[in-house]
Amino acid sequence: MHKISYRGYRFPPEIIQQSIWLYFRFTLSFRDVEDLLAERGITVSYETVRRWVNHFGPMIAADLRKRRPKPCTTWHLDEVYLKIAGRTVYLWRAIDAEGEVLDVLVQFKRNKHAALKLMRKLLKKYGFVPDRLITEGLRSYGAAAHDLGISNRHASGRWQNNRAENSHQPTRRRERKMQRFKSPGSAQRFLSAHAAVFSTFNVQRHLTSAPTHRVLRAAAMRTWREAEMAA
């Protein structure tokens, strides 16, 4: 892997990296990150933080995704609507049985073609067919699974897909903090990067003891440090 080049930037790499981590890791705005840095004696504009996030964020997220283990063989798919510039679009999301975000896709339709696009992307990305593909009752999923020849692995039900539905909550929090996304393209770029960071630091705190949680959190931070230096 090639190291990320921070050449030509006035601020040291450590400040740039910390700013990006703060923005993706917590529900903060660019102005919030500016204030946190100012409290530490670092004067930087929120617009500068925005440029750092937009430039380096996708590279770090791509490296984080490469470091993730192979996902579970049970996948959950779900979609929610987003309002962007007065237009309704749909955020399609796939996660595995452990809550790992497999992919997110912003699309303008909520039909078989959109479901098929997400499924094909997942199969190409991970290179295997899941043992179970769980969705809610939208018929588009069943039609897409039929076209792909995996209908026997598809299951749907009102309560079976709670994990996928709950996975939209971090997105909703960020959407409110950002006062909605400004365009489908910017939403796709942010959510793809945010998903990679969220998966890295989602250590299921409520399911582990305090010592185990500290070990997993330290491992997540090591992965982040490695990713922010290479891409």
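Just so it is clear, the structure is predicted and the values come from calculations on it, not from any experiment.
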Note: [X]-[Y] ion pair, threshold 4.0 Å (strictly below):
{"X": "R93", "Y": "D103", "answer": "no"}
{"X": "R67", "Y": "D63", "answer": "yes"}
{"X": "R172", "Y": "E175", "answer": "yes"}

Where [X] and [Y] come nearest, the two heavy atoms and their spacing:
{"X": "H168", "Y": "D78", "answer": "NE2-OD2, 3.1 Å"}
{"X": "E98", "Y": "C72", "answer": "CG-SG, 3.3 Å"}
{"X": "L28", "Y": "L22", "answer": "CD1-O, 3.5 Å"}
{"X": "A227", "Y": "I4", "answer": "O-CD1, 4.0 Å"}

Between [X] and [Y], what is the ring plane arrangement, given parallel below 30°, perpendicular above 60°, and tilted in between?
{"X": "F190", "Y": "Y23", "value": "perpendicular"}
{"X": "F128", "Y": "Y126", "value": "perpendicular"}
{"X": "W21", "Y": "F26", "value": "perpendicular"}
{"X": "Y141", "Y": "H154", "value": "tilted"}

Main-chain N/O of L102 paired to K125 side chain as donor or acceptor, under 3.5 Å: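 Yes; at least one donor-acceptor contact below 3.5 Å.
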Can you check whether L36's main-chain N or O pairs, donor with acceptor, with R40's side chain at less than 3.5 Å?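 Yes, because the side chain of R40 sits within donor-acceptor range (under 3.5 Å) of the backbone of L36.
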Could you go through the ring-ring contact (aromatic ring centres under 6.0 Å, His included) check for W52 and Y46 one step at a time? CA-CA 10 Å; W52 292 345; Y46 72 91; over 10 Å; no
Run M119 and D147 through side chain to side chain contact (heavy atoms under 4.5 Å, CB included) and show every step you take. CA-CA 11 Å; M119 290 184 186; D147 283 7; over 6 Å; no
Are the aromatic rings of F11 and Y6 close, with centres under 6.0 Å apart?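 Ring-ring flag for F11/Y6: false, centres at least 6.0 Å apart.
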Stepwise, does the side chain to side chain contact (heavy atoms under 4.5 Å, CB included) test hold for R153 with R132? CA-CA 5 Å; R153 300 169 187 251; R132 295 187 69 204; 5.9 Å; no
Applying side chain to side chain contact (heavy atoms under 4.5 Å, CB included), run through T73 and D96 and close with a yes or a no. CA-CA 7 Å; T73 56; D96 71 1; over 6 Å; no
Checking W92 against V106 for the side chain to side chain contact (heavy atoms under 4.5 Å, CB included) test, could you report, in this order, the C-alpha distance in whole Å, the side-chain angles of both residues, the deciding distance, and whether it holds? CA-CA 6 Å; W92 297 73; V106 177; over 6 Å; no
